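Since the structure comes first, as structure tokens, the remarks are kept for the end.
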Amino acid sequence: MPQSSPSQHVALASARTVKEEKIYRTFGLTDAEYEHIVELLGREPNYVEAGIFSVMWSEHCSYKSSRKVLRRFPTRGPQVLQGPGENAGIVDIGDGMAVAFKIESHNHPTAIEPYQGAATGVGGIIRDVFTMGARPIALLNSLRFGELDDAHTRYLFAESVAGIGGYGNCIGIPTVGGEVVFDNRYQHNPLVNAMCVGLMTHEEIATGSASGVGNPVLIVGTRTGRDGIHGATFASAEDPHAKERSAVQVGDPFMEKLLLEACLELIATGKVVGIQDMGAAGLTSSSAEMASRAGSGLTIDVTLVPCRETEMNSYEIMLSESQERMLVVMQQGEEDLAKQIFEKWDLQATVIGRVTTDGMLRVLEKGIVAAEIPVSALVDEAPVLDRLALRPAYLDELDENGPLFVESEDFAEQLYALLARPTIASKEWVYDQYDSMVRTETFVRPGSDAAVVGIPGTQKAIAIVTDGNGRHVYLDPYTGGVRAVAEAARNIVCSGAQPLAVTDCLNYGNPEKPEIFYQLERSADGLSVACEAFKTPVISGNVSLYNESHGVDIYPTPVIGMVGLLEDRDQLITSDWKADGDEIYVLGDLERAQKAGLGGSEYLFVKQPEQALHYRLPEFDLKAEVALQACMLSLAKQGLVQSAHDVSDGGLLVALAESAIAGNLGANIHLDAVSGVERSLQYREVLSLMFGEGVGLIVITAKVGMTEALERAARAHEVPIRRIGNVSVSPVVRVSILDRLYIHAPIERLQVAWRGAIASWMRR
Amino acid sequence: MDFLAKIYITLKESVLDPQGTAVTHALHTLHYRTVSDVRVGKYMEVTLSAASTEEASTLIRGMCDDLLTNPVIEKYTYELVEA
Amino acid sequence: MDFLAKIYITLKESVLDPQGTAVTHALHTLHYRTVSDVRVGKYMEVTLSAASTEEASTLIRGMCDDLLTNPVIEKYTYELVEA
Amino acid sequence: MKCAVIQFPGSNCDVDALKAIEETTSQPVDLVWHTARDLSSYDLIVVPGGFSYGDYLRAGAIAKFAPAMKEVEKAAADGRFVLGICNGFQVLTESGLLEGALRRNDSLQFRCEMTELVVANHHTAFTRHYAVGERIVIPIAHGEGNYYADEQTLKKLKKHGQIVFRYAKEHNPNGSVDDIAGIVNERGNVLGMMPHPERAIHSRLGSADGRRLFTSILEVWGETHAAIQS
Ligand SMILES: Nc1ncnc2c1ncn2[C@@H]1O[C@H](COP(=O)(O)OP(=O)(O)O)[C@@H](O)[C@H]1O
Ligand SMILES: [Mg+2]
């Protein structure tokens with residue numbers, strides 16, 4: 001390949017136009033950034049170079065707004081084999097095995113083409129995981145849409161779900177869990193976050209680094225087209241609708257299945273030096289990042305890149321975001337091995353360049369240097385912004401006390417109404433469209449708390465969950481952040497597993513608004529503190545900013561993906577009630593729950609939608625939560641529990657109803673003794689106890705006669721425990737306080753409300 | 001008046017057509033080697049009534065833009081005949 | 001010679017078309033109330049070379065029968081133009 | 001009993017089928033690539049689930065041309081056992097080894113759930129360990145499992161006892177005619193079914209009702225094999 005000096009070949013005329021006509025602005029670069037580039041290069045960038053800088057320095061690739069915030073996260077721990085910075089993080093699960101995982105957003109493409117936008121989001125996160133040498137074994141997705149009374153929202157929702165299923169089902173990775181929340185803050189800016197978990201041995205770990213001078217660089221997978229040029233810029237843009245619409249791509253899961261198998265086969269040969277998927281900013285970011293990790297350079301001849309369309313120029317080839325492609329650096333002389341393996345899978349592997357020592361990303365087109373940029377300028381010199389954070393005024397206007405409701409008798413009706421809220425209702429309509437069973441290792445399918453997936457050939461299993469409540473974070477960014485991690489971890493321990501590590505997807509509004517940036521900073525503090533407390537370091541993640549539309553920012557929505565380890569699959573716990581007569585206990589501080597109030601609860605949105613955001617989120621006791629979860633785990637390990645279910649959206653009664661429905665068993669519940677004193681409760685205390693979401697609680701059931709053992713264990717962890725009733729075959733859930741019967745709800749009624757809600761919206 | 005509209009929906013040229021690629025590949029394996037390209041799209045027959053051809057045309061374009069296609073990745077043509 | 005074949009594949013009349021029903025329903029919800037029926041099928045554009053129109057025609061029929069349609073449930077028509 | 005599971009590009013239940021057969025029958029199983037040209041030594045050939053060739057065009061349409069399918073035809077003609085599960089069923093109908101066709105689910109959605117099946121014929125090599133009329137639980141996971149056959153074909157299927165599994169009344173998940181979930185060929189050695197028996201071999205997977213399908217085959221094979229040997 002010809003080596004040449006830029007002064008001879010870089011098209012100066014083009015550099016002049018870029019400057020004079022300020023073309024860089026149309027790429028999203030500011031004047032100041034342009035000046036900085038000139039300084040770094042010692043000359044003016046030409047068209048291709050400006051394009052490369054613009055995508056590498058975009059919010060999406062450079063994390064320029066969030067980089068400083070992310071530094072706060074704890075990222076180390078004895079279990080961490082690979083922290084943030086690679087395509088996915090990796091944690092040890094013992095016996096020489098490890099899991100790789102990561103979560104990623106595809107919000108903006110989904111708003112415009114929901115099926116393909118969501119599908120390619122899944123495709124992208126799968127590539128991130130198998131690039132690490134791991135075989136993907138599970139997918140999850142965390143979704144936010146507007147309310148279902150809007151036809152366009154129903155379209156976005158239905159198509160996104162179909163797209164997620166379409167991709168995961170085809171490629172043969174089970175979709176085992178996730179969450180869906182409906183709130184009009186997301187109406188024009190839906191969120192689609194996809195998470196993938198992969199399994200590997202320690203020896204199989206691959207990384208995305210391009211080292212070894214002269215080693216060949218190969219592009220493999222789909223041929224390159226003009227799709228998605230400037231997608232990375234677009235992902236950070238304020239109003240995706242107004243932007244270049246060609247940035248949406250069509251996914252090809254069949255191609256990706258072949259790519260997955262071929263890449264894993266190739267990595268297993270041990271001849272791969274580095275491998276990296278091509279996501280946002282395609283060839284540009286993958287090559288720059290690989291070189292940056294190795295401190296090397298790369299020379300790429302775009303003429304060699306197999307293209308789908310005719311007459312693509314170097315600018316287009318470097319910036320294309322065609323899906324289902326990978327960049328591979330092989331050991332010298334092993335090109336043919338790669339070609340052979342890819343051929344078996346009907347795929348093309350093409351050498352397009354070499355690793356160099358000079359630290360330059362050099363792009364050749366027909367032998368001429370089209371771009372020549374120091375890799376460090378693209379990666380290390382990318383701007384880091386000190387954005388202004390300002391505490392939003394609304395936070396100081398929140399009411400301390402909950403609303404005063406007029407007493408009403410119809411508690412059961414209120415419960416049915418809550419259960420029928422799409423956010424709380426059964427998500428069957430969603431997850432029945434996902435193949436959750438392929439690979440035959442799914443022990444807990446969607447519908448319980450955490451999903452549980454077996455590790456073949458061992459007694460082990462992993463529990464996986466995604467969790468996030470934007471409304472809570474909106475009401476109290478710090479506490480909301482803490483709670484997001486706490487709730488994810490609580491779901492994990494409820495299955496009997498030990499939380500291991502976190503991947504996070506930070507979905508926020510426009511960071512240029514100081515109030516939004518405040519939300520980001522404060523909630524990240526909360527997330528960090530909680531991750532420390534639960535010893536679950538952040539090992540990977542993703543940031544999606546500018547989630548605003550029509551001037552409305554979404555709720556600050558950090559989504560936590562968490563993985564836990566279950567040493568013995570036989571100790572697995574699920575949330576359904578098991579047998580008549582089993583005793584029902586609540587772990588956690590019911591007395592506080594009774595006082596904490598309704599701030600941030602789903603109940604408020606049923607009763608008083610206009611006022612629902614006016615009340616403060618209750619204080620959260622992180623220390624108590626850590627103790628609660630440790631206690632839960634020890635009960636699980638001792639085999640004392642029959643079922644466990646955490647109390648979250650909708651509060652205690654919803655949790656009870658869900659376990660009743662899942663087990664098809666009723667219950668007699670007495671909440672008398674919770675206050676410690678035998679007195680009738682004030683109405684607000686009753687509501688707080690039944691529907692509040694302020695305090696971490698876990699409902700467990702145990703066989704008769706376990707009280708002493710349970711109390712002993714709880715005492716050891718200083719966690720309150722209270723027996724509240726029994727499971728019964730009679731198909732009714734009864735809840736009373738002293739001699740007043742508050743709820744008499746046939747399971748049938750609970751079921752109808754909960755199970756049919758989303759489907760009945762979607763039939764409209 | 002009753003009309004029958006035949007609507008042809010295809011992916012835009014620049015958009016990847018995985019189905020088309022798979023079919024081309026399969027045809028080659030089946031020895032239809034002279035096939036150079038296949039694009040796979042949708043075909044719809046819509047029966048409707050309207051006061052005039054113009055109105056029918058307007059309705060069809062409306063349906064295509066509102067529901068039947070997504071202009072981000074697809075394009076369409078149609079024919080209208082009186083039924 | 002190069003040809004472009006446009007192939008229209010539809011379900012046989014005797015076979016239910018739930019997709020058509022769903023689209024009809026969606027159009028009604030969107031106030032296109034004069035739509036009485038929708039049938040959804042596939043549309044393919046196949047570019048091929050052949051010595052003559054007859055040969056091209058034979059090839060296209062062959063492809064349709066061998067691969068592109070399933071005669072148990074589908075039927076097809078096509079048009080052939082020189083490209 | 002020597003078993004083969006065919007792998008097409010895009011198959012994804014191939015390994016599940018292999019594991020299930022190994023576990024339930026302890027017989028040797030090979031994964032064979034779709035280009036295989038000699039499968040004459042196998043007593044049972046499984047055409048597994050997945051999305052062969054992405055299921056682009058129609059489910060199973062492209063896979064029927066794979067070289068290995070010639071071998072499946074031979075096996076069928078020889079009276080050896082062929083089992084098509086999900087995508088495998090689609091491939092078998094597309095290639096004409098079984099009658100009818102599989103259309104998109106009437107809901108137009110992919111469906112993955114536990115389904116209740118009724119055993120309609122237990123006099124087949126695949127179902128002898130079940131009782132006729134028995135209700136079993138086997139999961140489905142498909143977007144195109146809506147079985148169709150015209151009147152005449154249906155009559156024929158019924159007459160020859162070719163309908164082997166039906167979805168329980170009122171629980172038809174996809175719109176299949178006559179609630180059909182699985183059929184055999186006239187000779188009874190080729191079974192195609194949409195539900196996944198290989199996913200129902202442990203209670204921890206939600207059901208173990210699929211085991212007996214595999215043990216049935218083994219027993220019948222054992223008998224015929226013993227007869228040949230003696
Ligand atoms: N988008 C989704 N994809 C897959 N599974 C989902 C999805 N949304 C919800 N689920 C599953 O439904 C169950 C209940 O979800 P959710 O109501 O969010 O539970 P929780 O309140 O316990 O967090 C969980 O098992 C979850 O994994
Ligand atoms: Mg939960």
Side-chain angles (χ1 to χ4, degrees), chain A residues 135-136 158-159 161-176 251-262 324 344-347 428-447 452-454 456-457 461 569-570 572 574 759 762-763, chain D residues 7-20 22-23 31 33-35 48-57 59 62-63 85-87 105 107-115 138-144 173-174 195-208 210:
Chain A
R135 173 166 289 276
E159 289 290 305
V161 168
I164 289 165
Y167 210 100
N169 298 343
C170 182
I171 199 167
I173 303 167
T175 301
V176 298
D252 185 351
F254 169 61
M255 171 65 85
E256 180 138 319
K257 166 78 175 164
L258 302 181
L259 199 55
L260 183 167
E261 297 297 345
E324 290 93 20
K344 170 185 164 195
W345 292 98
D346 267 335
L347 296 168
E428 241 170 46
W429 187 89
V430 175
Y431 59 67
D432 278 357
Q433 296 185 55
Y434 302 150
D435 187 342
S436 54
M437 301 187 244
V438 63
R439 294 192 72 257
T440 55
E441 292 289 347
T442 311
F443 302 155
V444 178
R445 299 177 49 211
V452 178
V453 175
R569 58 166 69 145
D570 295 330
L572 168 64
T574 54
M762 298 310 288
R763 271 194 297 270
Chain D
Q7 291 181 298
F8 300 102
S11 293
N12 62 35
C13 305
D14 40 351
V15 176
D16 297 349
L18 172 130
K19 284 193 300 187
E22 281 182 349
E23 270 199 61
L31 292 175
W33 194 232
H34 65 113
T35 50
F51 286 69
S52 53
Y53 302 92
D55 273 359
Y56 297 145
L57 191 62
I62 298 179
I85 302 169
C86 197
N87 195 228
N105 295 350
S107 63
L108 301 177
Q109 289 173 349
F110 188 96
R111 291 287 285 275
C112 173
E113 62 190 26
M114 287 292 178
T115 53
I138 311 266
I140 56 161
H142 60 245
E144 299 180 36
N174 54 29
H196 287 269
E198 85 281 14
R199 295 186 182 187
I201 56 159
H202 278 299
S203 57
R204 66 166 181 269
L205 298 174
S207 168

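Predicted, not measured: the structure shown is a model, and the values here were computed from it. We name chains A, B, ... by the order of the sequence lines, and we start the count at 1 in each one.
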**Item:** Among D:Cys112, D:Pro9, D:Ser11, residue most engaged with chain A (heavy-atom pairs, under 4.5 Å)
**Value:**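 That would be D:Cys112.
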**Asked** Counting heavy-atom pairs under 4.5 Å to chain A, which of D:Cys13, D:Pro139, D:Gly54, D:Gly49 comes out on top?
**Response**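 Going by pairs under 4.5 Å, I would pick D:Gly54.
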Can you name the nearest heavy-atom pair linking [X] to [Y], along with the distance?
{"X": "A:Ser436", "Y": "A:Arg445", "value": "OG-NE, 3.2 Å"}
{"X": "A:Glu324", "Y": "A:Tyr167", "value": "OE2-OH, 2.6 Å"}
{"X": "A:Leu260", "Y": "A:Arg135", "value": "CD2-NH1, 3.9 Å"}

**Prompt:** Who among A:Lys257, A:Met255, A:Glu428 has the most heavy-atom pairs with chain D under 4.5 Å?
**Reply:**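 Highest number of heavy-atom pairs under 4.5 Å: A:Lys257.
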**Message:** Below 4.5 Å, heavy-atom pairs only: which of A:Val444, A:Asp346, A:Asp252, A:Ile171 has the largest tally toward chain D?
**Reply:**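 Ranked by heavy-atom pairs under 4.5 Å with chain D, first place is A:Asp252.
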Given that the side chain runs from C-beta out, which part of [X] has a heavy atom under 4.5 Å from chain A: side chain, backbone, both or neither?
{"X": "D:Ile201", "answer": "neither"}
{"X": "D:Ser107", "answer": "neither"}
{"X": "D:Tyr56", "answer": "side chain"}

With a 4.5 angstrom heavy-atom cut-off, is it the side chain or the backbone of [X] that approaches chain D, or both, or neither?
{"X": "A:Glu261", "answer": "neither"}
{"X": "A:Thr440", "answer": "both"}
{"X": "A:Leu572", "answer": "neither"}

**Asked** Looking at side-chain heavy atoms only, is the closest gap between A:Asp435 and D:Arg199 below 4.5 Å?
**Response**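 They are in contact (side-chain heavy atoms under 4.5 Å apart), so the answer is yes.
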**Message:** Can a donor-acceptor pair be found, under 3.5 Å and without considering hydrogens, that links the side chain of D:Asn12 to the backbone of A:Cys170?
**Reply:**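 Checked: pair present.
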**Item:** Salt bridge present between D:Arg111 and D:Glu113 (N-O < 4.0 angstrom)
**Value:**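 Here D:Arg111 pairs with D:Glu113 in a salt bridge, since their nearest N and O are under 4.0 Å apart.
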**Plane angle bin for D:His34 and D:Phe8 - parallel if under 30°, tilted between 30 and 60°, otherwise perpendicular** =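 Taking D:His34 first and then D:Phe8, their aromatic rings sit tilted (interplane angle of 30° to 60°).
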